[in-house]
2 protein chains.
Amino acid sequence: MESRELAYFVAVAEELNFGRAAERLGMAQPPLSRAIQQLERRLGVRLLTRTSRRVELTPAGEVLLAEGRTALTALAAAEERARRAADPKLVLALKPGGDAGLLEKILARCAAEEIAVEPRFCAIGEQEGLLRGGEADVALLHLPYDEPADLATEVLLVDREIVLMPSTHRLADRTELSRADLDGEEVFEWTDECPAVGGPIRDTGQVGTLVALGQFVAVMPESFAEYVPPNLAAVPLTDGNTSTVVLAWPAESRSRELARFVRVAAGVTAPAAT
Amino acid sequence: MESRELAYFVAVAEELNFGRAAERLGMAQPPLSRAIQQLERRLGVRLLTRTSRRVELTPAGEVLLAEGRTALTALAAAEERARRAADPKLVLALKPGGDAGLLEKILARCAAEEIAVEPRFCAIGEQEGLLRGGEADVALLHLPYDEPADLATEVLLVDREIVLMPSTHRLADRTELSRADLDGEEVFEWTDECPAVGGPIRDTGQVGTLVALGQFVAVMPESFAEYVPPNLAAVPLTDGNTSTVVLAWPAESRSRELARFVRVAAGVTAPAAT
DNA sequence: CGGACCGATACTCTGCCGGTATGGAAAGCC
DNA sequence: GGCTTTCCATACCGGCAGAGTATCGGTCCG
């Protein structure tokens with residue numbers, strides 16, 4: 001199967017409309033229709049049921065959509081990694097403010113060890129996609145918020161949780177809180193969708209802004225407290241989950257540079273050994 | 001990147017010779033040369049260093065070879081799974097004799113539950129490849145011999161190890177053995193390469209034959225003892241590893257049929273509940 | 001130095017891919 | 001019920017990418 005055909009199919013399967021899919025692909029509708037027909041003929045399976053009114057996926061189509069997406073990202077990843085293999089620079093994906101104050105130290109140590117590292121900031125929860133897409137070599141994740149499905153990981157540090165709220169909040173003066181104290185509050189759990197703004201939260205700054213606006217209070221790892229602006233208050237949560245900051249990378253990665261980086265970066269939080 | 005281009009590159013990278021690669025691909029050499037050049041131009045990276053005498057991989061080429069292989073199998077898997085999604089039959093990969101006597105019971109129970117299962121026998125260690133290639137839905141593996149990297153697994157049973165030897169062997173009358181007793185013997189560990197026949201062992205029958213010939217004694221899970229022919233003897237190993245028979249399937253699999261199958265098959269070895 | 005090997009280049013051709021125009025079925029509307 | 005809208009399929013056509021043949025040019029070897 002040609003990857004082009006598969007990309008066409010994925011577009012149609014996602015849009016469930018040949019016209020829109022063709023537009024998205026930057027082509028006319030008739031050749032797209034033909035390409036899909038040809039694909040179905042080659043596979044010997046009907047992928048879509050078309051009425052003149054609507055397009056639906058057959059079971060085989062559902063399967064091809066799911067598997068096809070991963071195959072296409074694998075393809076893009078191969079391309080991207082090959083392109084980036086030319087220079088030894090490692091790309092480290094992290095969310096803004098998501099470095100738990102470690103980034104500076106990590107970069108300093110890497111500079112000393114002559115490991116070229118380029119931090120790449122991305123939206124919350126996007127790190128894994130960057131790894132899979134080959135756009136990043138290694139990422140900083142926060143367990144259990146991020147789910148590092150089949151990634152290899154190395155723990156950097158373990159954090160308590162804090163509650164972020166406006167400094168004018170009724171609980172802002174407390175020295176610590178428990179979950180029970182948050183009863184009746186609108187609580188944002190850091191990876192939730194955010195109904196108030198109608199879209200996913202993509203950025204720590206966004207969280208801070210929304211907390212300041214009184215939309216909700218946010219539960220997040222303590223290490224974020226370093227970035228708390230003066231109009232917000234951070235109070236430790238006594239019975240919160242612990243949050244773990246880990247390095248994560250594709251388990252099948254065998255790069256020597258990456259191995260060196262992980263060793264050096266993990267050393268940043270290790271007990272000092274002179 | 002087109003999958004065709006990538007397949008071309010993988011062929012060249014594996015052969016390290018444009019002529020042979022072209023032959024393998026069923027095409028002439030010049031268009032292949034051009035395709036690779038074009039790929040290099042598009043990626044902006046040199047993938048191969050060509051002297052007029054030999055072709056070598058650059059670091060970027062190494063990366064693209066590794067990543068490209070997995071991308072191509074992902075593509076083939078998508079195609080194969082979509083094709084097979086048309087009928088609900090589940091393909092169960094196992095090595096001949098590798099079912100620990102469970103296959104009959106599993107198939108019987110599945111028939112009763114109206115789950116269509118088709119066993120597919122393959123060479124030793126090939127189960128994982130079949131799963132990745134989309135040619136099988138679920139496999140029987142023997143831990144720790146098979147390494148189910150990123151597969152989901154369900155334990156069926158735990159086995160001791162036995163030593164398989166000719167019935168005329170000096171140790172054949174023993175009721176049990178320890179590792180130390182095997183000192184001085186040529187021992188085959190079930191997944192080793194087999195220098196005596198110059199290739200990998202692909203079949204349990206092959207192992208039996210070679211043991212009968214006195215090439216070596218073989219250490220393998222006890223459940224294989226059911227198939228021991230009369231000219232061979234099987235003696236339990238007291239300090240052997242335990243071998244675990246597991247069901248394995250791609251972790252990302254979300255098929256309802258597969259879930260039912262795993263439940264039913266796992267029930268075969270569960271303590272009877274009336 | 002001549003031949004073998006092997007990849008690159010030059011040139012030609014064909015088939016596929018994509019474009020435009022149009023058909024035709026189903027649903028909505030007055 | 002006919003008109004319009006929507007949306008996928010078919011008919012037809014043109015251009016270019018990809019494949020083939022012939023040949024060149026560099027390198028190793030005897």
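All of these numbers come straight from a predicted model, not from anything done at the bench. Hydrogens, waters and symmetry mates are skipped; everything else that's a heavy atom, side chains included, is used. Naming convention: chains lettered A, B, ... in sequence-line order (proteins, then strands); numbering from 1 in each chain.
Contacts of B/Glu5 with the nucleic acid, taken as non-hydrogen atoms under 4.0 Å apart, are absent.
Residue A/Arg53 contributes atom CZ, which lies 16 Å from atom C1' of D/dA9 at whole-angstrom precision. Whole-Å rounding puts the B/Leu16 CG to C/dC5 P distance at 19 Å. For the pair A/Leu48 CG and D/dC7 P, the computed distance is 16 Å after rounding to whole Å. We find that CD of A/Gln38 is positioned 15 Å from C1' of D/dA9, with the value rounded to whole Å. Look at CZ on A/Arg20: it is 12 Å from P on D/dT6, rounded to the nearest Å. Spacing between atom CG of A/Leu39 and atom P of D/dC8 amounts to 17 Å, rounded to whole angstrom units. To the nearest angstrom, P of C/dA8 lies 9 Å from CD1 of B/Ile36. At whole-Å resolution of the value, CE in B/Met27 and P in C/dG7 are 14 Å apart.
With sequence neighbours left out, B/Pro31 forms a side-chain contact (heavy atoms from CB on, under 4.5 Å) with B/Met27, B/Ala28, B/Arg34.
Between D/dC8 and A/Asn17, a contact under 4.0 Å exists linking OP1 or OP2 to a side-chain N or O. Look at A/Ser33 and you won't find any side-chain N or O under 4.0 angstrom from OP1 or OP2 of D/dC8. Contact annotation: A/Gln37 reaches the phosphate of D/dT10 (side-chain N/O to OP1 or OP2, under 4.0 Å).
Not a single donor-acceptor pair, N or O on each side, falls under 3.5 Å between the base of D/dC7 and the side chain of A/Arg54. The base of C/dA8 is paired with the side chain of B/Gln29 by a donor and an acceptor separated by under 3.5 Å.
Open room surrounds CD on B/Glu23; 12 or fewer heavy atoms of other groups in view lie less than 6.0 Å from it.
A/Arg69 and A/Glu14 are joined by a salt bridge, as a carboxylate oxygen and a charged side-chain nitrogen come within less than 4.0 angstrom of each other.
Where A/Arg50 and B/Arg34 each meet DNA chain D at their nearest nucleotide, the meeting point lying more 5' is that of A/Arg50. Both A/Ala35 and B/Pro31 lie near DNA chain C, and the one whose nearest nucleotide falls closer to the 5' end is B/Pro31.
Under 3.5 Å, the side chains of A/Gln29 and A/Ser33 contain a donor-acceptor pair of N or O atoms.
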For this session: Could you give me the CA-CA distance, side-chain angles and deciding distance for A/Val12 and A/Leu16, then say whether side-chain contact (heavy atoms from CB on, under 4.5 Å) is met?
Result: CA-CA 5 Å; A/Val12 174; A/Leu16 290 178; over 6 Å; no
